J.: 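Before I ask anything, here is the structure I am working with.
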Amino acid sequence: MIITIDGPAGTGKTTIAQQVALRLGFSYFDTGAMYRALTYALMKNSIDFKNPKKLEEFLNKFKLEIQRDRGKNRYFVDGEEVTEAIRTPEVTKNVSEIAASSKVRESLIEFQRSFGKQNNLVCEGRDMGTTIFPWAELKIFLTARAEVRAQRRYLEWKDKKMAASPEEIMQELLKRDHLDSTREASPLKQAEHAHLIDTSDMSIEEVVNIILSLIL
Ligand code: DC
(Lines give C-alpha, C1' and ligand atoms only; values in the text may rest on other atoms or scores of the structure.)
Protein backbone atom coordinates (compact mmCIF):
# COMPACT_ATOMS: atom_id res chain seq x y z
CA MET A 1 0.00 0.00 0.00
CA ILE A 2 1.18 3.54 -0.76
CA ILE A 3 0.16 6.58 1.31
CA THR A 4 1.10 10.01 -0.08
CA ILE A 5 1.36 13.13 2.07
CA ASP A 6 1.79 16.43 0.22
CA GLY A 7 1.62 20.05 1.28
CA PRO A 8 3.65 23.23 1.76
CA ALA A 9 6.54 23.68 4.23
CA GLY A 10 5.71 23.84 7.92
CA THR A 11 2.47 21.84 7.77
CA GLY A 12 4.04 18.98 9.76
CA LYS A 13 4.50 16.62 6.81
CA THR A 14 7.81 15.11 7.91
CA THR A 15 6.91 14.34 11.52
CA ILE A 16 3.43 13.16 10.59
CA ALA A 17 4.66 10.93 7.74
CA GLN A 18 7.32 9.39 10.02
CA GLN A 19 4.75 8.71 12.76
CA VAL A 20 2.22 7.18 10.38
CA ALA A 21 4.95 4.94 8.89
CA LEU A 22 6.13 3.89 12.36
CA ARG A 23 2.60 3.07 13.57
CA LEU A 24 1.89 0.98 10.46
CA GLY A 25 5.36 -0.60 10.12
CA PHE A 26 5.67 0.98 6.65
CA SER A 27 8.77 2.46 5.01
CA TYR A 28 9.08 6.22 5.01
CA PHE A 29 10.40 8.37 2.19
CA ASP A 30 11.02 12.15 2.29
CA THR A 31 11.41 13.42 -1.28
CA GLY A 32 12.22 16.99 -0.15
CA ALA A 33 15.50 15.54 1.21
CA MET A 34 16.33 14.36 -2.29
CA TYR A 35 15.88 17.83 -3.81
CA ARG A 36 17.81 19.29 -0.89
CA ALA A 37 20.71 16.82 -1.33
CA LEU A 38 20.90 17.66 -5.02
CA THR A 39 20.85 21.41 -4.22
CA TYR A 40 23.63 20.93 -1.65
CA ALA A 41 25.76 18.97 -4.14
CA LEU A 42 25.24 21.54 -6.93
CA MET A 43 26.21 24.36 -4.58
CA LYS A 44 29.23 22.49 -3.22
CA ASN A 45 30.52 21.79 -6.73
CA SER A 46 29.70 25.32 -7.94
CA ILE A 47 27.55 24.00 -10.78
CA ASP A 48 25.32 26.55 -12.44
CA PHE A 49 22.04 24.63 -12.73
CA LYS A 50 20.84 27.10 -15.37
CA ASN A 51 23.51 25.77 -17.74
CA PRO A 52 21.65 22.80 -19.36
CA LYS A 53 24.79 20.88 -20.39
CA LYS A 54 26.47 21.19 -16.98
CA LEU A 55 23.22 20.28 -15.21
CA GLU A 56 22.70 17.19 -17.35
CA GLU A 57 26.28 15.97 -16.80
CA PHE A 58 25.83 16.44 -13.08
CA LEU A 59 22.45 14.70 -12.95
CA ASN A 60 23.88 11.69 -14.79
CA LYS A 61 26.45 11.24 -12.02
CA PHE A 62 24.35 12.24 -9.01
CA LYS A 63 23.67 9.36 -6.60
CA LEU A 64 21.90 9.67 -3.28
CA GLU A 65 22.33 6.89 -0.73
CA ILE A 66 19.74 6.55 2.04
CA GLN A 67 20.39 4.59 5.23
CA ARG A 68 17.82 3.82 7.91
CA ASP A 69 19.06 4.45 11.43
CA ARG A 70 16.77 4.00 14.46
CA GLY A 71 13.64 5.08 12.61
CA LYS A 72 15.32 8.08 10.89
CA ASN A 73 16.85 8.42 7.46
CA ARG A 74 20.51 9.38 6.95
CA TYR A 75 21.56 10.77 3.55
CA PHE A 76 24.91 10.39 1.76
CA VAL A 77 26.22 11.95 -1.46
CA ASP A 78 29.54 10.62 -2.80
CA GLY A 79 30.26 9.04 0.58
CA GLU A 80 29.72 12.31 2.48
CA GLU A 81 26.94 12.36 5.06
CA VAL A 82 24.70 15.35 4.26
CA THR A 83 21.80 14.68 6.69
CA GLU A 84 22.34 17.94 8.60
CA ALA A 85 23.91 19.98 5.79
CA ILE A 86 20.78 19.74 3.60
CA ARG A 87 18.68 21.56 6.25
CA THR A 88 20.72 24.78 6.42
CA PRO A 89 19.11 28.14 5.50
CA GLU A 90 21.44 28.38 2.43
CA VAL A 91 20.14 25.11 0.96
CA THR A 92 16.57 26.00 1.94
CA LYS A 93 16.88 29.33 0.14
CA ASN A 94 17.95 27.72 -3.16
CA VAL A 95 16.09 24.42 -3.24
CA SER A 96 12.75 25.57 -4.69
CA GLU A 97 14.34 27.11 -7.75
CA ILE A 98 16.29 23.94 -8.47
CA ALA A 99 13.27 21.71 -7.78
CA ALA A 100 11.31 23.74 -10.37
CA SER A 101 13.58 22.53 -13.18
CA SER A 102 11.80 19.94 -15.33
CA LYS A 103 15.18 18.30 -16.15
CA VAL A 104 15.82 17.84 -12.42
CA ARG A 105 12.35 16.41 -11.79
CA GLU A 106 12.47 14.01 -14.74
CA SER A 107 15.82 12.66 -13.63
CA LEU A 108 14.49 11.81 -10.15
CA ILE A 109 11.12 10.25 -11.06
CA GLU A 110 12.30 6.63 -11.49
CA PHE A 111 14.39 6.70 -8.32
CA GLN A 112 11.37 7.99 -6.39
CA ARG A 113 9.03 5.40 -7.89
CA SER A 114 11.47 2.59 -7.09
CA PHE A 115 10.64 3.09 -3.39
CA GLY A 116 7.04 2.09 -4.04
CA LYS A 117 7.95 -1.20 -5.71
CA GLN A 118 8.75 -3.62 -2.88
CA ASN A 119 7.44 -1.79 0.15
CA ASN A 120 4.39 -0.56 1.95
CA LEU A 121 5.26 3.09 1.89
CA VAL A 122 4.44 6.51 3.35
CA CYS A 123 6.02 9.18 1.17
CA GLU A 124 5.93 12.95 1.51
CA GLY A 125 6.65 15.87 -0.78
CA ARG A 126 4.82 18.20 -3.13
CA ASP A 127 3.75 15.96 -6.02
CA MET A 128 3.53 12.47 -4.53
CA GLY A 129 -0.22 12.14 -5.07
CA THR A 130 -0.36 14.00 -8.39
CA THR A 131 2.72 12.85 -10.33
CA ILE A 132 4.89 10.22 -8.64
CA PHE A 133 2.23 7.86 -7.24
CA PRO A 134 -1.10 8.92 -8.80
CA TRP A 135 -2.26 5.32 -8.16
CA ALA A 136 -1.66 5.56 -4.36
CA GLU A 137 -4.41 4.01 -2.22
CA LEU A 138 -4.55 6.92 0.24
CA LYS A 139 -3.68 10.57 -0.47
CA ILE A 140 -3.40 13.32 2.11
CA PHE A 141 -2.92 17.06 1.52
CA LEU A 142 -1.85 19.06 4.57
CA THR A 143 -2.30 22.82 4.96
CA ALA A 144 -1.83 25.30 7.81
CA ARG A 145 -2.05 29.07 8.19
CA ALA A 146 1.15 30.83 7.06
CA GLU A 147 1.82 32.41 10.48
CA VAL A 148 1.52 29.03 12.19
CA ARG A 149 3.91 27.44 9.70
CA ALA A 150 6.42 30.27 10.13
CA GLN A 151 6.26 29.99 13.91
CA ARG A 152 6.89 26.22 13.76
CA ARG A 153 9.92 26.73 11.51
CA TYR A 154 11.18 29.53 13.78
CA LEU A 155 11.08 27.26 16.86
CA GLU A 156 12.78 24.43 14.94
CA TRP A 157 15.58 26.73 13.74
CA LYS A 158 15.95 28.35 17.15
CA ASP A 159 16.53 24.88 18.65
CA LYS A 160 19.27 24.29 16.09
CA LYS A 161 20.73 27.75 16.76
CA MET A 162 20.07 28.91 13.20
CA ALA A 163 19.44 32.63 13.26
CA ALA A 164 16.44 34.10 11.42
CA SER A 165 13.56 36.23 12.64
CA PRO A 166 9.93 35.00 12.38
CA GLU A 167 9.36 37.73 9.72
CA GLU A 168 12.29 36.54 7.60
CA ILE A 169 11.09 32.95 7.89
CA MET A 170 7.54 33.94 6.88
CA GLN A 171 8.85 35.80 3.79
CA GLU A 172 10.99 32.82 2.81
CA LEU A 173 8.09 30.38 3.31
CA LEU A 174 5.74 32.49 1.20
CA LYS A 175 8.34 32.80 -1.54
CA ARG A 176 8.88 29.04 -1.54
CA ASP A 177 5.09 28.37 -1.57
CA HIS A 178 4.79 30.65 -4.56
CA LEU A 179 7.66 29.01 -6.49
CA ASP A 180 6.49 25.48 -5.63
CA SER A 181 2.87 26.06 -6.60
CA THR A 182 3.31 28.17 -9.74
CA ARG A 183 6.06 26.18 -11.48
CA GLU A 184 5.14 24.34 -14.67
CA ALA A 185 6.65 20.95 -13.76
CA SER A 186 4.34 19.13 -11.31
CA PRO A 187 3.41 22.08 -9.10
CA LEU A 188 2.33 21.75 -5.50
CA LYS A 189 -1.42 21.13 -5.52
CA GLN A 190 -4.00 18.94 -3.89
CA ALA A 191 -4.43 15.68 -5.83
CA GLU A 192 -7.87 14.63 -6.90
CA HIS A 193 -9.41 12.48 -4.11
CA ALA A 194 -6.77 13.65 -1.60
CA HIS A 195 -8.07 14.25 1.93
CA LEU A 196 -7.45 17.85 2.99
CA ILE A 197 -6.35 18.35 6.62
CA ASP A 198 -5.68 21.80 8.12
CA THR A 199 -3.08 21.16 10.86
CA SER A 200 -3.01 24.77 12.20
CA ASP A 201 -4.80 23.98 15.46
CA MET A 202 -4.07 20.27 15.77
CA SER A 203 -1.37 18.26 17.51
CA ILE A 204 0.77 15.79 15.56
CA GLU A 205 -1.01 12.95 17.38
CA GLU A 206 -4.44 14.21 16.27
CA VAL A 207 -3.40 14.42 12.62
CA VAL A 208 -1.75 10.98 12.73
CA ASN A 209 -4.91 9.49 14.24
CA ILE A 210 -7.09 11.05 11.52
CA ILE A 211 -4.85 9.58 8.82
CA LEU A 212 -4.86 6.14 10.48
CA SER A 213 -8.65 6.27 10.77
CA LEU A 214 -8.86 6.78 7.01
CA ILE A 215 -7.15 3.40 6.49
CA LEU A 216 -8.62 1.23 9.23
O1 DC B 1 9.71 19.44 2.16
P2 DC B 1 10.99 20.27 2.04
O3 DC B 1 10.88 21.64 2.62
O4 DC B 1 12.19 19.53 2.57
O5 DC B 1 11.22 20.44 0.46
C6 DC B 1 12.29 21.17 -0.05
C7 DC B 1 11.93 21.73 -1.41
O8 DC B 1 11.89 20.69 -2.37
C9 DC B 1 10.60 22.47 -1.50
O10 DC B 1 10.80 23.86 -1.61
C11 DC B 1 9.95 21.97 -2.75
C12 DC B 1 10.81 20.86 -3.25
N13 DC B 1 10.11 19.60 -3.39
C14 DC B 1 9.48 19.36 -4.58
O15 DC B 1 9.48 20.22 -5.46
N16 DC B 1 8.86 18.17 -4.79
C17 DC B 1 8.84 17.22 -3.83
N18 DC B 1 8.25 16.06 -4.08
C19 DC B 1 9.46 17.47 -2.58
C20 DC B 1 10.07 18.69 -2.39
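The analysis underlying the following values was restricted to heavy atoms, covering all of them including side chains, and did not include hydrogens, waters or symmetry mates. Order of appearance sets the numbers: ligands from 1, and atoms from 1 within every ligand. These numbers come from a predicted model, not from an experiment.
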J.: Taking the side chain from R126 and the backbone from P187, do they hold a donor-acceptor pair closer than 3.5 Å?
T.: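 Here the side-chain-to-backbone pair does not exist.
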J.: Using only atom types and a distance under 3.5 Å, with no angle test, would you say the side chain of T199 pairs donor to acceptor with the backbone of T11?
T.: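 Pair found, side chain donor or acceptor close to backbone of T11.
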J.: With only distance considered, is R36 within less than 3.5 Å of ligand 1 through an N or O on each side?
T.: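 Yes, since at least one N or O of R36 sits under 3.5 Å from an N or O of ligand 1.
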J.: Give the residue, atom name and distance (to 0.1 Å) of the protein heavy atom nearest atom 16 (N) of ligand 1.
T.: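 For atom 16 (N) of ligand 1, the nearest protein heavy atom is R105 NH2, 2.9 Å.
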J.: Does D30 reach ligand 1 with a nitrogen or oxygen that is under 3.5 Å from one of the ligand's nitrogen or oxygen atoms?
T.: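 Among all N and O atoms of D30, none is under 3.5 Å from an N or O of ligand 1.
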J.: Just by distance, no angles: are the side chains of Y28 and R68 close enough, under 3.5 Å, to form a donor-acceptor pair?
T.: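 There is no such pair (donor and acceptor under 3.5 Å, judged by atom type) between the side chains of Y28 and R68.
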J.: Whether the side chain of R113 engages the backbone of I132 through a donor-acceptor N/O pair (distance < 3.5 Å, no angle test) should be reported.
T.: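 A pair under 3.5 Å: yes.
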J.: Hey, is R87 one of the residues with a heavy atom under 4.0 angstrom from ligand 1?
T.: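 Yes.
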J.: Counting distance only, does the side-chain N/O of R149 pair as donor-acceptor with the main-chain N or O of A9 below 3.5 Å?
T.: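 At least one qualifying donor-acceptor pair exists.
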J.: So, does D6 use its side chain to make a donor-acceptor pair with the main chain of M128 at under 3.5 Å?
T.: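 Answer holds: yes.
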J.: Report the relative orientation of the aromatic rings in F29 and F111; use parallel for angles under 30°, tilted for 30 to 60°, perpendicular for over 60°.
T.: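 Taking F111 first and then F29, their aromatic rings stand perpendicular (interplane angle over 60°).
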J.: Closer than 4.0 Å to some heavy atom of D180 - which atoms of ligand 1 meet that?
T.: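 Close to D180: 9 (C), 10 (O), 11 (C).
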J.: Which ligand 1 atoms, with their elements, are less than 4.0 angstrom from a heavy-atom of Y35?
T.: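 That gives atoms 8 (O), 13 (N), 14 (C), 16 (N), 17 (C), 18 (N), 19 (C), 20 (C) of ligand 1.
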J.: Report yes or no: does M34 have a heavy atom closer than 4.0 Å to ligand 1?
T.: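 So M34 does not count as touching ligand 1.
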J.: Are any of the heavy atoms in M128 under 4.0 Å away from ligand 1?
T.: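 Under 4.0 Å: yes for M128.
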J.: What residue and heavy atom of the protein are closest to atom 6 (C) of ligand 1, and at what distance?
T.: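 Here the nearest protein heavy atom works out to R176 NH1, 3.6 Å.
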J.: Please determine whether a side-chain nitrogen of the Lys or Arg among R105 and E184 lies less than 4.0 Å from a carboxylate oxygen of the Asp or Glu.
T.: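 No, this pair does not count.
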J.: For atom 20 (C) of ligand 1, find the nearest protein heavy atom and state the residue, atom name and distance (0.1 Å precision).
T.: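 Closest protein heavy atom to atom 20 (C) of ligand 1: G32 CA, 3.5 Å.
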J.: Hey, does the side chain of R183 reach the backbone of A185 with a donor-acceptor pair shorter than 3.5 angstrom?
T.: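 Yes, R183 side chain to A185 backbone: donor-acceptor pair under 3.5 Å.
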J.: Looking only at distance, does T31 have an N or O less than 3.5 Å from an N or O of ligand 1?
T.: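 N/O-N/O distance under 3.5 Å: yes.
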J.: When you compare ligand 1 with R126, is there at least one nitrogen or oxygen pair between them that comes in under 3.5 angstrom?
T.: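 Yes, there is a polar N/O contact under 3.5 Å.
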J.: Against heavy atoms of A99, which atoms of ligand 1 measure under 4.0 Å?
T.: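 Checking each atom against A99, I get 12 (C), 15 (O).
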J.: At what distance is the nearest protein heavy atom to atom 10 (O) of ligand 1, and which residue and atom is it?
T.: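 So the nearest neighbour among protein heavy atoms is S96 OG, 2.7 Å.
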J.: Using a 4.0 Å heavy-atom cut-off, which part of K93 comes near ligand 1: side chain, backbone, both, or neither?
T.: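 It is neither part, as no heavy atom is under 4.0 Å.
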J.: Give a yes or no answer on whether the side chain of E137 reaches the backbone of I2 with a donor-acceptor pair at less than 3.5 Å.
T.: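 Here the side-chain-to-backbone pair exists.
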J.: Under 4.0 Å from a heavy atom of R183: give me the atoms of ligand 1 that qualify, with their elements.
T.: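 So the answer, numbered in order with elements, is 14 (C), 15 (O), 16 (N).
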